[in-house]
Amino acid sequence: MKKTGMLKKSLTLAAALILVFSVCSVHADGKPEKVTVIYGGSSWLGHYPAWVGIEKGLFKKHGLGVLFQNFYASSGRMGSLVAGDLDVAATGSISAIALMASGSKAFQAFGTPDSYATVEGIIAKENIKSIKDLKGKRIAAPFASSAHVLVLDVLEQNGLDPEKDLTLLNLKVNEMPAAMGSGEIDACAAWTPHFNKLLNMPGNHLLVNDTEFSLFKKYKLGPGPDLLVVRKEFAEKYPNTCQAFVKGYFEAVDMLIDEPEECAKVLVKLTSLDMEDQMAVLKDITWIKGDEQKALMVQPGDFVTGMQQLADFLVKHQQIDEAPKVKAWIAEKMVP
Amino acid sequence: MKIDSTAKSLTISIVSLLIFVTAWELVCRLGFIEPLFMPAPSKILFRAIKMIDNGQLIAHTLASTRRVMVGFMISSLVAIPFGIFLGSSRFFMAVFDPLISLLRPLPSMSWIPLSLLWLGITETQKYSIVFMGSFAPSLLYIIEATKSIDPLLIRAAKNLGASKLDVMREVILPGSLPQIIAGLKVMLGIAWTCIISAELVAAREGLGFMIMNGKEYFQTDTVLLGMVMISITVMIIDVVFRKFERRLLPWTR
């Protein structure tokens with residue numbers, strides 16, 4: 001009896017040691033602790049690298065399986081991230097700043113994949129030649145989005161009050177083509193791929209794009225730059241998995257720069273654009289490589305400074321109550 | 001005696017509400033719940049004060065009340081005569097029953113795409129969502145209320161020489177009215193549940209819009225304030241409705 005008890009204890013101890021050793025070795029050799037990552041995305045260009053990484057097997061190369069979950073809006077994606085349903089996501093920075101302003105510490109930012117200024121803008125009927133012509137007109141924008149911020153900013157630049165001088169409606173981008181087609185709205189602010197569809201409609205033309213945004217003129221920062229975010233608990237628990245994700249992700253960014261046509265072939269499945277439009281969108285994006293991230297996110301951190309300006313802008317326009325200190329949400333260890 | 005028991009019930013209700021709100025405040029203040037998921041009642045109150053101060057809360061409440069009342073009124077105006085008609089005619093009930101059965105389970109949100117195509121992004125589209133969300137259930141309430149009239153009373157009236165119109169005016173209508181009004185009170189609450197769907201598209205004011213916009217900015221206090229305002233508005237309308245009911249149906253007091 002006593003011998004059996006001793007044997008049991010020894011076996012348990014040995015098993016525990018093996019377990020501890022194996023866990024340590026997994027950490028030591030950098031293998032992902034968790035092999036599945038749930039990513040929150042949509043058909044927006046900010047998610048192209050994640051999609052390309054999945055389709056081209058770049059995450060698999062690093063021992064990861066990435067599950068792409070589609071969300072229509074950044075707010076839903078961010079809500080799911082902090083609720084623990086997603087591990088990693090890319091998001092429009094308006095949602096990220098709003099979530100920071102709410103005081104949530106459940107997520108961190110670790111990169112920005114792209115810079116774009118010509119695939120989002122205000123599209124208007126041909127008779128509207130300038131922003132000033134919007135006076136008395138009906139204009140739609142999805143509220144709490146980068147397009148909404150762009151509208152508020154350009155109206156302010158042109159001395160128009162969105163409450164008094166025109167009717168600003170809250171409309172989803174996918175509902176805009178029908179509303180423009182039926183003449184219920186005179187202009188709308190949208191982003192790709194709907195932006196391209198709206199531009200292709202007869203009688204529509206581009207009024208302004210993100211290059212007219214005041215922070216773009218000063219800092220080359222659009223109204224809703226894309227941000228890569230991770231659930232804080234996930235990042236702390238699975239550092240190797242996060243590193244593997246970052247590697248696969250920025251390899252996909254490299255591929256988007258080097259082989260856009262190859263990438264477009266897989267991206268059309270995500271965006272439902274035809275090859276020609278898809279290539280046109282890709283040409284308008286400046287991808288930010290992994291080795292450029294430190295300078296933007298950490299030192300000197302120009303992107304973070306720009307985000308802070310954006311937070312102040314949102315306070316000024318009464319979209320959020322207080323501007324968060326954006327720097328406090330940067331996961332410096334994860335920035336490549 | 002009656003006053004005593006009413007006062008007692010009211011005291012119990014107020015005390016239980018106070019205990020609930022205090023416990024909620026304490027749980028939040030002690031950090032058991034993250035404010036993003038459930039803000040403290042004091043935070044909701046501060047948001048309310050701020051939004052009353054800038055006039056937004058009143059504007060949102062009035063916009064939603066207008067949409068709900070217009071949609072509900074139109075729905076009632078159509079449902080009451082049509083429901084009484086169907087409730088007193090087996091033939092027409094059989095004709096319309098399949099259609100009503102098809103409409104009944106449809107949530108108000110399912111009407112958004114069609115209403116947008118038919119009516120565009122107008123106020124009428126918002127009224128139509130409330131109308132469609134409350135019409136079929138109202139109709140069923142009224143049909144049932146009409147059917148519940150004792151057939152013996154109808155036969156007796158007919159035997160005494162009452163015409164069809166007399167039976168309708170003197171027997172069916174007064175007999176079913178208390179139940180119809182009770183049903184409409186329930187339906188008014190249901191009409192308010194349609195407000196989120198109604199204000200989901202192309203709205204810039206209203207409590208539904210306020211809730212959805214608050215959600216976009218992770219302002220949970222705004223979301224909860226919108227919900228509380230819907231409840232308070234429904235309670236106020238309910239009180240008004242009861243007064244109207246007492247005037248309309250003095251025999252039910």
* Within a strict 4.5 Å, meaning less than it, do heavy atoms of the A:E184 and B:L116 side chains meet? -> no
* Kindly check if the number of other-residue, nucleotide or ligand heavy atoms within 6.0 Å of CZ (B:R104) is above 12? => no
* Largest heavy-atom contact set with chain B, pairs under 4.5 Å, which of A:L99, A:I97, A:L169 -> A:L99
* Within residues 132-143 of chain A, which positions have a heavy-atom distance to chain B below 4.5 Å? -> A:R138, A:F143
* Flag side-chain contact, heavy atom, 4.5 Å: B:E34 against A:V82 -> no
* Against chain B, label A:A179 side chain, backbone, both or neither, depending on which of its atoms sit under 4.5 Å from a heavy atom there. => side chain
* Examine whether an atom of A:Q318 lies under 4.5 Å from a heavy atom of chain B, and if so say whether it belongs to the side chain, the backbone or both; otherwise answer neither. => neither
* Take atom CZ in B:F20; do more than 12 heavy atoms of anything else shown fall under 6.0 Å from it? -> no
* Structure fact -> Taking every heavy atom of B:A202 against every heavy atom of A:L171, the minimum-distance pair comes out as CB-CD1, 3.7 Å
* Heavy atoms of other groups near A:E322 CD, more than 12 under 6.0 Å -> no
* **Heavy-atom contacts under 4.5 Å, residues 208-229 of chain B to chain A** => B:F209, B:N213, B:K215, B:E216, B:Y217, B:F218, B:Q219
* Taking atom CE of B:M73 as the centre, report whether more than 12 heavy atoms of other residues, nucleotides or ligands fall under 6.0 Å from it. => no
* Contact origin within A:I94 toward chain B - heavy atom pairs under 4.5 Å -> side chain
* Option in B:I121, B:V201, B:L200, B:N54 with maximal non-hydrogen atom pairs under 4.5 Å from chain A -> B:I121
* To do: Using non-hydrogen atoms and a 4.5 Å limit, figure out which bit of A:S95 sits close to chain B: side chain, backbone, both or neither.
  => both
* To do: Taking all heavy atoms of A:L166 and all of B:R204, pick out the closest pair and write down the distance.
  => O-NH1, 3.9 Å
* Tell me, yes or no, whether the heavy-atom count around B:F46 atom CZ, taken from other residues, nucleotides or ligands under 6.0 Å, exceeds 12. => no
* Structure fact -> dist A:S102:OG -> B:F37:CZ (nearest 0.5 Å) comes out at 9.0 Å
